[in-house]
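Input: a single structure, listed below in structure tokens.
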Amino acid sequence: LFTNEQGEAEGFFVDVIEDIARQEGWNIIWISGSLTESWSRLSAGEIDIMPGVTRTPDREKSYDFGNESALSVWSQVYARPDSGINTILDLEGKRIANVRGAQSGIGFLDLAKKFDVNVTMIDMDTPIAVFSAVAAGDADALVVYNTAAHEDAKTYGLAATPVMFNPVQMTFAVQKGKNADLITALDRGIAEGKRSPSSPYSQSMQKWYG
């Protein structure tokens, strides 16, 4: 889910929502912002749907989530090709960049603590800033969802390390107790899309993830 060079929303979740919007007769207005800004806007009722997010016990206190998974992802550590990072233990004393507030960073820090690995987390607002920091040597490695790194790793000359963890299901969030009809429509649309290899959902999955 990103803004392209023409300033338009683009990506897998954009395709999914736009297709369901056509079926439901919705008019979609895309609001660009960082992960932190977007959660704040959802809390304030400034946006109706937050796409591409994961359900956690803490988030469930404030938001309702879709029950149909739109996308299965996991968190992964990326670094420069010559980093020598092969296990979580190789990250001792390293500087790890991550997107501020993202579950991949939170999950990584928990994993590091379990292995008694000391790291310095560098919080940034966007995936682009995170990849740029590692490419420039301002951080030793980064952690993001594997889908977020699908193209950016190539662009910035970085490589996936074997350190993968935190498999999760991506879905949608709305304000607690509100917009249940939107979640119901999204769940129904995704479930129907999964059943047909020729559906817009399946075609978008093939387009973005192969």
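In this chain, residues are counted from 1 in sequence order. Side chains are part of it too, since the values below use all heavy atoms of this structure and drop only hydrogens, waters and symmetry mates. Predicted model, so just to flag it, every value in this text is computed and none were measured.
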Are any of the side-chain heavy atoms of [X] and [Y] separated by less than 4.5 Å?
X    : Y    : value
T54  : Y145 : yes
Q169 : R55  : no
N98  : V144 : no
M170 : F13  : yes
V14  : F2   : no
Y209 : L71  : yes
W74  : V168 : no

Would you compute the distance between atom [atom1] of [X] and atom [atom2] of [Y] and round it to the nearest 0.5 angstrom?
X    : Y    : atom1 : atom2 : answer
F165 : Q76  : CZ    : CD    : 9.0 Å
E10  : N4   : CD    : CG    : 4.5 Å
R59  : L42  : CZ    : CG    : 10.5 Å
L186 : N67  : CG    : CG    : 11.5 Å
L111 : M164 : CG    : CE    : 12.5 Å
I190 : T171 : CD1   : OG1   : 6.0 Å

Linked, directly or transitively: [X] and [Y] (ILVMFWY side chains, under 4.5 Å):
X    : Y    : value
W208 : F172 : yes
I183 : V16  : yes
M205 : I17  : yes
F65  : I47  : yes
V117 : L109 : yes

* Sub-3.5 Å donor-acceptor pair from the side chain of S83 to the main-chain atoms of A79, do we have one? -> no
* Asked: Between Q203 and P200, is there a donor-acceptor pair closer than 3.5 Å when you use the side chain of the first and the backbone of the second?
  -> no
* To do: Report, as yes or no, whether the 6.0 Å neighbourhood of atom CZ on F115 holds more than 12 heavy atoms from other residues, nucleotides or ligands.
  => no
* Give a yes or no on this: more than 12 heavy atoms of other residues, nucleotides or ligands lie within 6.0 Å of atom CD of Q6. => yes
* Begin with the C-alpha distance, continue with both residues' side-chain angles, and end with the deciding distance and a verdict on side-chain contact (heavy atoms from CB on, under 4.5 Å) for I122 and I96. => CA-CA 6 Å; I122 304 173; I96 312 298; over 6 Å; no
* **Residue pairs passing the side chain to side chain donor-acceptor pair (under 3.5 Å) test where at least one lies in residues 190-199, sequence neighbours excluded** => E68-K194, S196-S198, S199-S202
* Asked: Listed by chain and number, what are the side-chain hydrogen bond (donor to acceptor under 3.5 Å, both in side chains) partners of T120, not counting sequence neighbours?
  -> none
* Kindly write out the residues that satisfy side-chain hydrogen bond (donor to acceptor under 3.5 Å, both in side chains) with S104, not counting sequence neighbours, or none if the list is empty. => none
* **Worked check of side-chain hydrogen bond (donor to acceptor under 3.5 Å, both in side chains) between E18 and W26** => CA-CA 9 Å; E18 293 284 5; W26 297 345; over 6 Å; no
For [X] and [Y], which I'm curious about, is there any donor-acceptor pair between the side chains at under 3.5 Å?
X    : Y    : answer
Q175 : N179 : no
R100 : T126 : no
D15  : S204 : yes

Shortest non-hydrogen contact between [X] and [Y], atoms and distance:
X    : Y    : result
V119 : A112 : CG2-CB, 4.4 Å
L1   : P51  : CD2-CG, 3.6 Å
N166 : S75  : ND2-OG, 3.3 Å
M121 : G105 : CE-O, 3.9 Å
K94  : D90  : CE-O, 3.5 Å
V174 : D48  : CG1-O, 3.4 Å

* Do D116 and K113 sit within salt-bridge range, that is, some charged N less than 4.0 Å from a carboxylate O? -> no
* For the pair F12 and Y201, name the ring-plane relationship: parallel under 30°, tilted 30 to 60°, perpendicular over 60°. => perpendicular
* Dump the intermediate steps for salt bridge (Lys or Arg N to Asp or Glu O under 4.0 Å) on E24 and R188, then the final yes or no. => CA-CA 11 Å; E24 299 292 328; R188 181 175 60 246; 2.9 Å; yes
* Please list all pairs passing the salt bridge (Lys or Arg N to Asp or Glu O under 4.0 Å) test where one or both residues lie in residues 171-180, with sequence neighbours left out. => D64-K176
May I have the list of side-chain donor-acceptor pairs in residues 131-142 shorter than 3.5 Å, sequence neighbours left out?
from: S132; atom 1: OG; to: I128; atom 2: O; distance (Å): 2.8
from: D140; atom 1: OD1; to: R95; atom 2: NH2; distance (Å): 3.1
from: D140; atom 1: OD2; to: R95; atom 2: N; distance (Å): 2.7
from: D140; atom 1: OD2; to: R95; atom 2: NE; distance (Å): 3.2

Could you list the donor-acceptor pairs under 3.5 angstrom formed by side chains in residues 154-163, with sequence neighbours left out?
from: T155; atom 1: OG1; to: E151; atom 2: O; distance (Å): 3.2
from: T161; atom 1: OG1; to: V77; atom 2: O; distance (Å): 2.8
from: T161; atom 1: OG1; to: V163; atom 2: N; distance (Å): 3.2

* Asked: Between Y63 and V53, is a side-chain contact (heavy atoms from CB on, under 4.5 Å) present by the stated rule, with each step listed?
  -> CA-CA 11 Å; Y63 311 102; V53 295; over 6 Å; no
